[in-house]
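Below is one structure, written out as structure tokens; comments come after it.
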There are 2 protein chains.
Amino acid sequence: MAIQKTSLVDIAIDRIKSYIYEHNLKPNDKFFSEKELINKLQVSRTVIREALISLQAVGILQVKSGGGVYVAEPKLDPIHTILKHRYSTYGVKIKELMQTREIIELGALRLIIENQIDVDIDHLKALNDSYYETIMKNEDTKKYDRLFHESLIKATQNTTYCTFAEMVNEYFSLVKINEKEDGLLLAYKQHDEMIEAIRERSLQRAQQVMKKHFEPIFYLIHQMEDNK
Amino acid sequence: MAIQKTSLVDIAIDRIKSYIYEHNLKPNDKFFSEKELINKLQVSRTVIREALISLQAVGILQVKSGGGVYVAEPKLDPIHTILKHRYSTYGVKIKELMQTREIIELGALRLIIENQIDVDIDHLKALNDSYYETIMKNEDTKKYDRLFHESLIKATQNTTYCTFAEMVNEYFSLVKINEKEDGLLLAYKQHDEMIEAIRERSLQRAQQVMKKHFEPIFYLIHQMEDNK
DNA sequence: TAAATAAAATTGGTCTGACAATATTATACC
DNA sequence: GGTATAATATTGTCAGACCAATTTTATTTA
């Protein structure tokens, strides 16, 4: 006689996951319907439904109302949910997060230059030009700044690195930070200098500029910490 | 009259999450029971249960059989599940992952040295000594190697950085890589040299050794790519 | 009175059956 | 063949029941 230490739902979840991986199912593949799973696993519809709901929550399955069950496209949304919970519980030291971001960006420069990756310099320049325009027009500058840094990460052509960098940025998006309005032009120039350094394949120069680029933020954080 | 575009379960999930965050509930706080939620949200037990299951899957709630519902301690387990799905779907270029790991470790050295963090040198030495012993005794070396690198990350005293590094390592644990048995002694010496470099606060030297430390792995990867 | 034990109440786990809402498929029509 | 319609399949929600695990309360005992 078998000892049922875990719940039926957990068992169902395990068996469904195993099936997906052993049969190498890919995103958007149609999966079994609830009824089929009931027959296959010999449990009630309740158990099947709760297993499906659970697998949907972590982005493994996608249940379409009236349309059936499908293997889901891996998204970072559930991770965002999880990080949000973590943030809400532990909080996050803004300084720690900025240090992490700095390391990620310095690392991107290293990956690009040491591996001699071909970078679309014009694209970076175009983004930075748009950034310049928003500064001049006194519009919202955040968008193009973010795009510039994102493009820098993507330029590594390392999708794994991009994924994790994206997670860090997701985490960052949960934090509110008052940004100073001065220094925008300086940031623009630093972007430009980074592009130049990348073109020259000078890691040291690129990283030096990047560190300068982060300095005002750390100065701000330092001030905040002193004030409290 | 309201249009019900999302499912009741999704609405329940949102309302429960909102309640947790707005009331600033912390891990291990007792949450409402199913019955209470039924009265509160005016939906069937099915809907409540599916919402709870979903929130449990992403590590926000913990449902204890017979004991009630609690706010969960943030864990990385759900993220591990998600990354595993991602890995199984897209695969992961081992080279990309190792590059990411290298960046993380180089970054750790930078954080430690530039911020002049006090590092427990003796602890690192002790771990490396244990590593040495397992080499000599021809036992499993992986454990102490992993502990050494983990300690290096933790030495940054940047918990945010540690969290993300842990995710990368979780991802790494999914990948099987044949490691060569030679070069273990070299690795031991490199660990030791890193410790020395940290003690001297020499970022350049520490990073140089770390890069040397990763070289054989990249060489291996390079060979594998050539062979296929 | 305090601790150990037993009973009761609470709470989550699973099952069944039913009907509604939605998506897919088959059919009839032009 | 294409389109509108009907039939079918599938998921969403509800209600009620019973079991299992846990907690609370009551009772007994030292």
Side-chain angles (χ1 to χ4, degrees), chain A residues 1-17 19-20 25 27-73 75 77-78, chain B residues 1-17 19-20 25 27-73 75 77-78:
Chain A
M1 51 182 284
I3 299 172
Q4 177 188 318
K5 65 170 202 173
T6 48
S7 70
L8 291 180
V9 174
D10 287 337
I11 295 172
I13 289 173
D14 275 346
R15 292 194 56 182
I16 291 173
K17 277 200 290 192
Y19 186 94
I20 292 173
L25 298 189
N28 302 317
D29 282 357
K30 192 162 174 66
F31 196 62
F32 299 108
S33 69
E34 291 182 1
K35 186 186 278 187
E36 289 170 323
L37 285 170
I38 291 170
N39 293 327
K40 216 172 172 66
L41 302 188
Q42 289 292 307
V43 288
S44 70
R45 189 171 168 218
T46 307
V47 170
I48 294 296
R49 276 190 63 80
E50 292 186 355
L52 294 179
I53 289 267
S54 182
L55 288 168
Q56 182 169 242
V58 292
I60 291 181
L61 290 180
Q62 167 111 37
V63 182
K64 294 183 182 177
S65 174
V69 183
Y70 297 80
V71 178
E73 194 110 19
K75 297 279 180 194
D77 304 36
Chain B
M1 53 182 292
I3 300 171
Q4 178 188 316
K5 65 169 208 175
T6 49
S7 71
L8 291 181
V9 174
D10 287 337
I11 294 172
I13 289 172
D14 275 346
R15 291 195 55 180
I16 291 173
K17 278 201 289 193
Y19 186 94
I20 292 173
L25 299 189
N28 302 315
D29 281 357
K30 192 163 174 64
F31 196 62
F32 300 107
S33 70
E34 292 183 358
K35 186 187 278 187
E36 288 170 325
L37 285 170
I38 291 169
N39 292 327
K40 218 172 169 63
L41 303 187
Q42 288 293 308
V43 288
S44 71
R45 193 176 165 210
T46 307
V47 170
I48 294 296
R49 277 190 63 79
E50 292 186 354
L52 293 179
I53 290 263
S54 182
L55 288 168
Q56 184 169 238
V58 291
I60 291 181
L61 290 180
Q62 167 111 39
V63 182
K64 295 182 183 176
S65 174
V69 182
Y70 296 81
V71 177
E73 195 106 21
K75 298 277 180 199
D77 304 34

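The chains referred to below are lettered A, B, ... by the order of the sequence lines, with proteins before strands, and numbering in each begins at 1.
- The backbone N or O of A:Ser33 sits less than 3.5 Å from a side-chain atom of A:Glu36, completing a donor-acceptor pair.
- Taking atom CZ on A:Phe32 and atom P on D:dA9, their separation rounds to 18 Å, with Å as the unit.
- Counting to the nearest Å, the P atom of D:dT11 and the CG atom of A:Leu61 are 11 Å from each other.
- For the pair A:Lys35 NZ and C:dG17 P, the computed distance is 13 Å after rounding to whole Å.
- Heavy-atom nearest nucleotides on DNA chain C were determined for B:Gly68 and for A:Glu50, and the one closer to the 5' end corresponds to B:Gly68.
- B:Gly66 comes within contact range of at least one nucleobase, with a heavy-atom separation under 4.0 Å.
- Shown are A:Ile20, A:Leu41, A:Leu37, A:Asp10; of these, the side chain to side chain contact (heavy atoms under 4.5 Å, CB included) with A:Arg15 is made only by A:Leu41.
- The backbone N or O of A:Val63 lies less than 3.5 Å from a partner atom in the side chain of A:Gln56, making a donor-acceptor pair.
- Rounded to a whole Å, the NZ atom of B:Lys30 is 10 Å from the C1' atom of C:dG12.
- The base of D:dG16 lies outside donor-acceptor range of the side chain of B:Arg45, with no N or O pair under 3.5 Å.
- Each of A:Ser65 and A:Thr46 was matched to the nucleotide of DNA chain D holding its nearest heavy atom; the match closer to the 5' end belongs to A:Ser65.
- More than 12 heavy atoms of other residues, nucleotides or ligands lie within 6.0 Å of NZ in B:Lys30, so this atom counts as buried by the packing criterion.
- Regarding B:Leu41, its CG atom lies at a distance of 13 Å from the P atom of D:dT13, rounded to whole Å.
- Atom-to-atom, CG of B:Leu52 to P of C:dT14 comes out at 14 Å; the value is rounded to the nearest Å.
- Nearest nucleotide to the side chain of A:Tyr70, out of D:dT13, C:dG13, C:dT24: C:dT24.
- For B:Ala57 against A:Ser54, the heavy-atom pair with the smallest separation is CB-OG, 3.3 Å.
- Here D:dT13 is the nucleotide among C:dG12, D:dT13, D:dT11 with the atom lying nearest to any side-chain atom of B:Val9.
- Distances shown here put a side-chain N or O of B:Arg49 below 4.0 Å from the OP1 or OP2 atom of C:dG13.
- Picking from D:dC14, D:dG12, C:dG12 the nucleotide with the shortest atom distance to the side chain of B:Val63 gives C:dG12.
- Nucleotide D:dT13 holds its P atom 16 Å from the CD atom of B:Glu34, rounded to whole Å.
- Distance CD (B:Gln42) to C1' (D:dA15): 15 Å, rounded to an integer number of Å.
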